[in-house]
> 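This is the structure I want to talk about, given as C-alpha cells.
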Amino acid sequence: MTPVESKSKRIYALVDCNNFYASCERLFRPELNGKPVVVLSNNDGCVIARSNEAKDLGIPMGAAAFKFRDIFEKYNINLFSTNFTLYGDISNRVMSLLREMSPQLEIYSVDEAFMIFDNAGFDIEEYCRKTVDRVYKEVGIPISIGIAKTKTLAKLGNKIAKDNPTIYKGVFNFETVESMDDILRPLRVEKVWGIGRKNTKRLNELGIYNVLELKNADRAVIKSFLTVSGERTLLELNGIPCIEMEESEIKNTILTSRTFAKTTNDLKHLKEAVSSFASRAAEKLRMDECACTFVTVYISTNYHKETDDQYEASWTETSISPINYTPNIIKLGMEALKKIYKPEFKYKRLGIVLSGIVPASETVVSLFQTNEDQKVKENILGGLIDKINSVEGRDFVRFASSGHGDAWRMGQHMVSNRYTTDWNELLEIE
DNA sequence: TCTGGGGTCCTAGGACCC
DNA sequence: TCTGGGGTCCTAGGACCC
C-alpha cells in the first residue's frame, strides 16, 4: 500500500451561518423576519451584513452607508450598528452545539467552522441535515453546509448550498454529485476560496474564467502566476487536500484598531487611544492565557480624503521578557507612538498589534524587569479587571490614561441591546 | 460631511555571514 | 586590494479571508 492509500478517509463539512450578523439581530426581533435588515460597521460607515431581502434590493457588501441613505429610507430598511458582544455570544452557542455534533471541530471565524469526519461509518449528508435542523431549533440561527474531501471544495459546496436553498435545502455534498464538471462549469473563479480581485484578473488574462477551467489548468502555469497559494487551490479543487487542520490554537498576532469618528492631531487624544486599545488588546491576550514580546503602534491619516496631506507610520517596541499586564503594554505603546507622531498631520486611524505571542505559563521572570511577587500581583489585578468588565460591559473599569475619548471615539447610533449578556440577565441565569 | 476590524500567509529585498 | 556566490534571518508590504 502506498502512504496515500493507507491514509484514513477524511471528509470536511464546512458550516456557515447565513447572513450571520443580520440573523443575530433578528433573533431578538422576530417581527423583522422577511423584512430587509442591514448591519453597519463601526462609525456606521459601511454595510457589513445583509439579510436576503436587503441583498435582493441590490445593496452590496461593503457599500458606503452615506451613498445608500435614500435606498435605506425608500425601502424602510432596518439598520443596526455592530454589536459584537451579542454576535460573539451567539457564535459561542452555535459552536458549542457543533462541537457536540462533531468532536473534531476547527473554528475558522465567528460564523464558520469545519466539522471533520475520519472514516465515518455513517451517512454524513444525513447527519449534516440533522445538524442544520438542530442549530436552527436550539439556537435560532440558519446555517448551510458544504461537504467534500478538501476544505476548498467544502467552502465552494457551502456557497452552492446557500445560493440554491430550494434545490439543496441547506446541504450540498460533492461526494455524491453526478457530474463534477456540470457543477463547476457555471461557477466563476472568484467564487473560490483564495481567489480574490487580483488573482481573478490574472486568471482571466490566462483565459481562465470558470472553476472547471481552473481545476483543469496547468499546475506549473498557475504556480508561476499565483504562487504556491494558487497551486494549493488548484490541487484542492482536484480533491487533493493541501490545507490541513490548524495545529496551534495560539494566535500569531492580536490587533486592536479603530477608525476615529473625527480626525485629530492632538497628541493627548492619540495617547488616550493607545491606552484604551492597549488595554483591550491586553485583555484579549490574557483571555488566551498568553503573553507578548512586541508591541506595535500604527497611525494613519484619512486616505479617502485626497486633499489632505497623507502620512502613515508604525513602530515596534520590544519587551525584555513576555508581558501581558496592561500598564506594561500601555507603556511600550506610548513609546512607540512617540517615535512616529508628527503634529502636522490629521489622524483618522490608530492600531495596536501584539506579537511574539507565547503561552503565559512558559514565560520566565526576567531579572531586569520584575520579581515573582510583582508578577503575582499583576496577574491578580489583571484577572480581576477582566472579570468585572466581562459582567459590567467592556471598559467599565479602565486605566486613567485611557481618558474619556470623546474626541476620537467611534460614532454608533443604532446599537441593539446586549440581549444575551446584560447584567440583569446574568443574574437571572446564575 | 460620511468608506470596518481582526486575522493569516507569502514574497521580495536588505543585512549579514562564510 | 579586489572579487564572488550562496545561505540565513528579518521585515515591510501585498493579497487574501471573514
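Per chain, numbering begins at 1; letters A, B, ... match sequence-line order.
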> Scan for salt bridge (Lys or Arg N to Asp or Glu O under 4.0 Å) pairs involving residues 131-147 of chain A, sequence neighbours excluded, and state none if there are none.
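For residues 131-147 of chain A: E100(A)-R134(A), R134(A)-E138(A).
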
> Applying side-chain contact (heavy atoms from CB on, under 4.5 Å), name anything that partners D118(A), two or more places apart in sequence or on another chain.
S8(A), R10(A), Q104(A), I116(A)

> Any salt bridge between E283(A) and R286(A), counting N to O under 4.0 Å?
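No, no charged N to carboxylate O under 4.0 Å.
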
> Looking at E205(A), I want to see if its CD is surrounded by more than 12 non-hydrogen atoms of other residues, nucleotides or ligands under 6.0 Å.
yes

> Heavy atoms under 4.0 Å, any strand shown: does K284(A) hit a base, just sugar-phosphate, or nothing?
sugar-phosphate

> Do other residues, nucleotides or ligands put more than 12 heavy atoms under 6.0 Å from the NZ atom of K284(A)?
yes

> Within the pair S257(A) and dG6(B), is there a side-chain N or O less than 4.0 Å away from OP1 or OP2?
yes

> Can you find a side chain N or O atom of N252(A) that sits less than 4.0 Å from OP1 or OP2 on dG7(B)?
no

> Parallel, tilted or perpendicular for F260(A) and F277(A), by the 30°/60° rule?
tilted

> Quickly work out the N43(A) CG to dT1(B) C1' distance and round it to whole Å.
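To the nearest whole Å, that distance equals 13 Å.
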
> Within the 4.0 Å heavy-atom criterion, would you say K251(A) contacts the bases, only the backbone, or no part of the nucleic acid?
sugar-phosphate

> Of the listed nucleotides (dG6(B), dG7(B), dC2(B)), which one gets closest to any side-chain atom of F66(A)?
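The listed nucleotide nearest to F66(A)'s side chain is dC2(B).
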
> Would you kindly give the CD1-to-P distance between I254(A) and dG7(B), to the nearest whole Å?
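Roughly 6 Å, once rounded to whole Å.
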
> How close or far is atom C1' of dG4(B) from atom CG of L40(A), stated in whole angstroms?
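These atoms are roughly 10 Å apart.
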
> OP1 or OP2 of dT3(B) versus the side-chain N and O atoms of R349(A): is any pair under 4.0 Å?
no

> Rounded to whole angstrom units, what separation is found between the CZ atom of F294(A) and the P atom of dT11(C)?
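So the two atoms are 7 Å apart, to the nearest Å.
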
> Please determine, for the side chain of N42(A), which listed nucleotide (dG6(B), dG4(B), dT8(B)) has the closest atom?
dG4(B)

> Can you measure F80(A) atom CZ to dG4(B) atom C1' for me and round it to whole angstrom units?
18 Å

> Other residues, nucleotides and ligands only: do more than 12 of their heavy atoms fall within 6.0 Å of NZ on K348(A)?
yes

> Which letters describe nucleotides 13-18 of chain C, given B = protein heavy atom under 4.0 Å from base, S = only from sugar-phosphate, - = neither?
--SSSS

> Below 4.0 angstrom from OP1 or OP2 of dT3(B), is there any side-chain N or O of T259(A)?
no

> Find the distance K262(A):NZ to dT3(B):P and express it as a whole number of Å.
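Answer to the nearest Å: 14 Å.
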
> Should the ring pair Y108(A) and F114(A) be called parallel, tilted or perpendicular, given that the plane angle runs from 0 to 90° and is split at 30 and 60?
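Plane angle over 60°, so perpendicular.
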
> Write down the distance separating the P atoms in dC18(C) and dT3(B), rounded off to the nearest Å.
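dC18(C) and dT3(B) have their P atoms separated by 24 Å.
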
> Closest to the R232(A) side chain: dT11(B), dC9(B), dG6(B)?
dC9(B)

> Just how far, in rounded Å, is P of dG6(B) from CD of E283(A)?
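Checked: the CD to P distance equals 13 Å.
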
> Which residue pairs satisfy the salt bridge (Lys or Arg N to Asp or Glu O under 4.0 Å) criterion with at least one member in residues 11-23 of chain A, sequence neighbours excluded?
D16(A)-K162(A)

> As an exercise, state the distance from CG of L270(A) to OH of Y341(A), rounded to the nearest 0.5 Å.
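The distance works out to 6.5 Å.
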
> Using heavy-atom distances to pick each residue's nearest nucleotide on DNA chain B, tell me which of K67(A) and V228(A) is more 5'.
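With V228(A) and K67(A) compared, the 5'-side residue is K67(A).
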
> Take the C1' atoms of the five end pairs on each side of the helix from dG5(B)-dC18(C) to dC18(B)-dG5(C), derive the two axes, and give their angle rounded to 10 degrees.
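Axis-to-axis angle, ends of the helix: 10°.
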
> Please report the distance, rounded to the nearest Å, between CG in D44(A) and P in dG5(B).
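My rounded result for the distance is 11 Å.
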
> Which side-chain N or O atoms in residues 229-240 of chain A pair as donor and acceptor under 3.5 Å with protein atoms at least two apart or in another chain?
| unit_1 | atom_1 | unit_2 | atom_2 | d |
| --- | --- | --- | --- | --- |
| E231(A) | OE2 | R219(A) | NE | 2.7 |
| E231(A) | OE2 | R219(A) | NH2 | 3.2 |
| T233(A) | OG1 | S229(A) | O | 3.1 |
| E236(A) | OE1 | K151(A) | N | 3.4 |
| E236(A) | OE1 | T152(A) | N | 2.8 |
| E236(A) | OE1 | T152(A) | OG1 | 2.6 |
| E236(A) | OE2 | C242(A) | N | 2.8 |
| E236(A) | OE2 | I243(A) | N | 2.9 |
| N238(A) | ND2 | K215(A) | O | 3.0 |
| N238(A) | ND2 | L234(A) | O | 2.9 |

> If you pin M61(A) and S229(A) to their nearest nucleotides in DNA chain B, which one's is more 5'?
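Of the two residues, M61(A) wins.
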
> Using a 4.0 Å heavy-atom cut-off across all strands, classify K305(A) as base, sugar-phosphate, or nothing.
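Contact class for K305(A): none.
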
